[in-house]
Amino acid sequence: MNEFRKAPSDCIIRQLRPDEYGIVRDFLYEAIFVPAGTVAPARDVVYEPYLRIYHEDFGTGCQDRAWCAQVGTDIIGCIWCRKTTTGYGSVAEEFPELAMSVKPSFREYGIGTQLLHAMLQDLEKDQCPGISLSVQKANYAYKMYLKAGFRIVRETDEEYIMVRKA
């Protein structure tokens with residue numbers, strides 16, 4: 001991976017407003033890692049039970065929270081977490097699970113890192129004991145999580161399950 005390009009100067013990181021929570025579903029689709037040369041799944045895959053848990057009724061759970069990256073009037077990235085015991089990266093009931101995506105044309109600008117830091121600060125402010133996630137081993141983003149203090153606690157053939165404790 002090359003050095004980060006310079007992020008657009010008008011990119012802001014802010015909390016996602018409740019009236020915008022519906023975009024979590026769209027960014028969930030963008031968060032699905034599709035290796036080069038592989039056909040992306042149909043967009044309606046996000047309605048399958050194993051993915052629906054990440055977006056359905058978002059904002060109603062006690063740990064549901066989200067941040068976004070915005071350029072002009074466009075939201076170009078989103079990071080969110082919620083408590084679930086059935087997610088791919090779920091490790092403990094008290095740890096919400098994290099998901100994140102940045103639109104492809106805005107990747108490698110460091111926007112994901114900015115979103116991650118905003119979320120981690122938000123969780124630390126609320127004294128959350130930790131957060132977990134699942135990331136494909138082939139996804140270069142796992143290195144970003146390691147740099148941010150996550151550690152690998154479990155792995156499958158294709159994924160790392162990572163945790164960052166407060």
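Every value quoted in this text rests on a predicted model; they were computed, and no experiment measured them.
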State which residues pass side chain to side chain contact (heavy atoms under 4.5 Å, CB included) with Glu48; sequence neighbours excluded, sorted by chain then number.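 Once residues adjacent in sequence are excluded, the partners of Glu48 under the side chain to side chain contact (heavy atoms under 4.5 Å, CB included) criterion are Val45, Tyr50.
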Listed partners of Asp19 passing side chain to side chain contact (heavy atoms under 4.5 Å, CB included), at least two apart: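 Checked Asp19 against side chain to side chain contact (heavy atoms under 4.5 Å, CB included); matches are Arg17.
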Side-chain contact, heavy-atom cut-off 4.5 Å: Pro41 with Val34?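 The answer is yes, as the side chains (C-beta and beyond) meet within the 4.5 Å cut-off.
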Is any side-chain heavy atom of Arg151 closer than 4.5 Å to a side-chain heavy atom of Leu146?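 Contact flag for Arg151/Leu146 side chains = no.
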Using the side-chain hydrogen bond (donor to acceptor under 3.5 Å, both in side chains) criterion, which residues pair with [X]? Sequence neighbours excluded.
{"X": "Glu159", "answer": "Ser134, Gln136"}
{"X": "Glu124", "answer": "Arg164"}
{"X": "Glu155", "answer": "Lys137"}
{"X": "Glu56", "answer": "Arg52"}

Return the minimal non-hydrogen interatomic distance between [X] and [Y], and the atom names on each side.
{"X": "Thr84", "Y": "Ser90", "result": "O-OG, 2.7 Å"}
{"X": "Ala69", "Y": "Ile13", "result": "CB-CD1, 3.7 Å"}
{"X": "Val24", "Y": "Cys78", "result": "CG2-SG, 4.3 Å"}
{"X": "Ile75", "Y": "Glu20", "result": "CD1-OE2, 3.7 Å"}
{"X": "Pro96", "Y": "Cys128", "result": "CD-SG, 3.5 Å"}
{"X": "Asp57", "Y": "Thr60", "result": "O-OG1, 2.7 Å"}

For residues 76-101, pull every pair meeting salt bridge (charged side-chain N to carboxylate O under 4.0 Å, His left out), keeping only residues two or more places apart or in separate chains.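 Matches after skipping sequence neighbours: Asp64-Arg82.
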Output, in order, the C-alpha distance, side-chain angles, deciding distance and verdict of side-chain contact (heavy atoms from CB on, under 4.5 Å) for Val163 and Ile152. CA-CA 7 Å; Val163 168; Ile152 299 167; over 6 Å; no
Is the backbone of Val46 close enough, under 3.5 Å, to the side chain of His55 for a donor and an acceptor to pair up by distance?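 Such a contact is found between His55 side chain and Val46 backbone.
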Test of understanding: with ring pair (Phe, Tyr, Trp, His ring centres under 6.0 Å), list the residues that count as partners of Tyr88, not counting sequence neighbours.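 In terms of ring pair (Phe, Tyr, Trp, His ring centres under 6.0 Å), with neighbours along the sequence ignored, Tyr88 is linked to no residue.
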Listed partners of Phe150 passing ring pair (Phe, Tyr, Trp, His ring centres under 6.0 Å), at least two apart: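 Tyr145.
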Ring pair (Phe, Tyr, Trp, His ring centres under 6.0 Å) contacts touching residues 10-34 (sequence neighbours left out):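 As it turns out, the ring pair (Phe, Tyr, Trp, His ring centres under 6.0 Å) pairs with a partner in residues 10-34, which skip direct neighbours, are Tyr21-Phe58.
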[X] with [Y], same ILVMFWY side-chain cluster at under 4.5 Å:
{"X": "Ile161", "Y": "Leu98", "answer": "no"}
{"X": "Val135", "Y": "Leu123", "answer": "yes"}
{"X": "Phe95", "Y": "Leu120", "answer": "no"}
{"X": "Ile53", "Y": "Tyr47", "answer": "yes"}
{"X": "Leu133", "Y": "Tyr142", "answer": "yes"}

Write out all pairs satisfying side chain to side chain donor-acceptor pair (under 3.5 Å) with one or both partners inside residues 67-80, taking only residues at least two apart or from two chains.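 Those involving residues 67-80 are Arg14-Gln70, Trp67-Asp122.
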For atom CD of Glu158, decide whether the heavy atoms of other residues, nucleotides or ligands shown that lie under 6.0 angstrom number more than 12.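 Check fails, neighbour count at 12 or below.
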Could you list the residues that satisfy salt bridge (Lys or Arg N to Asp or Glu O under 4.0 Å) with Asp126, not counting sequence neighbours?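 For Asp126 the salt bridge (Lys or Arg N to Asp or Glu O under 4.0 Å) partners, ignoring immediate neighbours, are Arg65.
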Ile79 CD1 to His117 NE2 distance, which is reported to the nearest 0.5 Å: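 It is 10.0 Å, given to the nearest 0.5 Å.
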Could you walk me through whether Met119 and Met100 pass the side-chain contact (heavy atoms from CB on, under 4.5 Å) test, one step at a time? CA-CA 10 Å; Met119 177 64 79; Met100 174 173 50; over 6 Å; no
How far apart are the C-alpha atoms of Ile23 and Leu16, what are their side-chain angles, what is the distance that settles it, and do they pass the side-chain contact (heavy atoms from CB on, under 4.5 Å) test? CA-CA 9 Å; Ile23 68 161; Leu16 197 63; 3.7 Å; yes
Could you go through Leu51 and Ile32, starting from their C-alpha distance and side-chain angles, then the distance that decides it, and tell me whether this counts as side-chain contact (heavy atoms from CB on, under 4.5 Å)? CA-CA 10 Å; Leu51 290 178; Ile32 297 170; 4.1 Å; yes
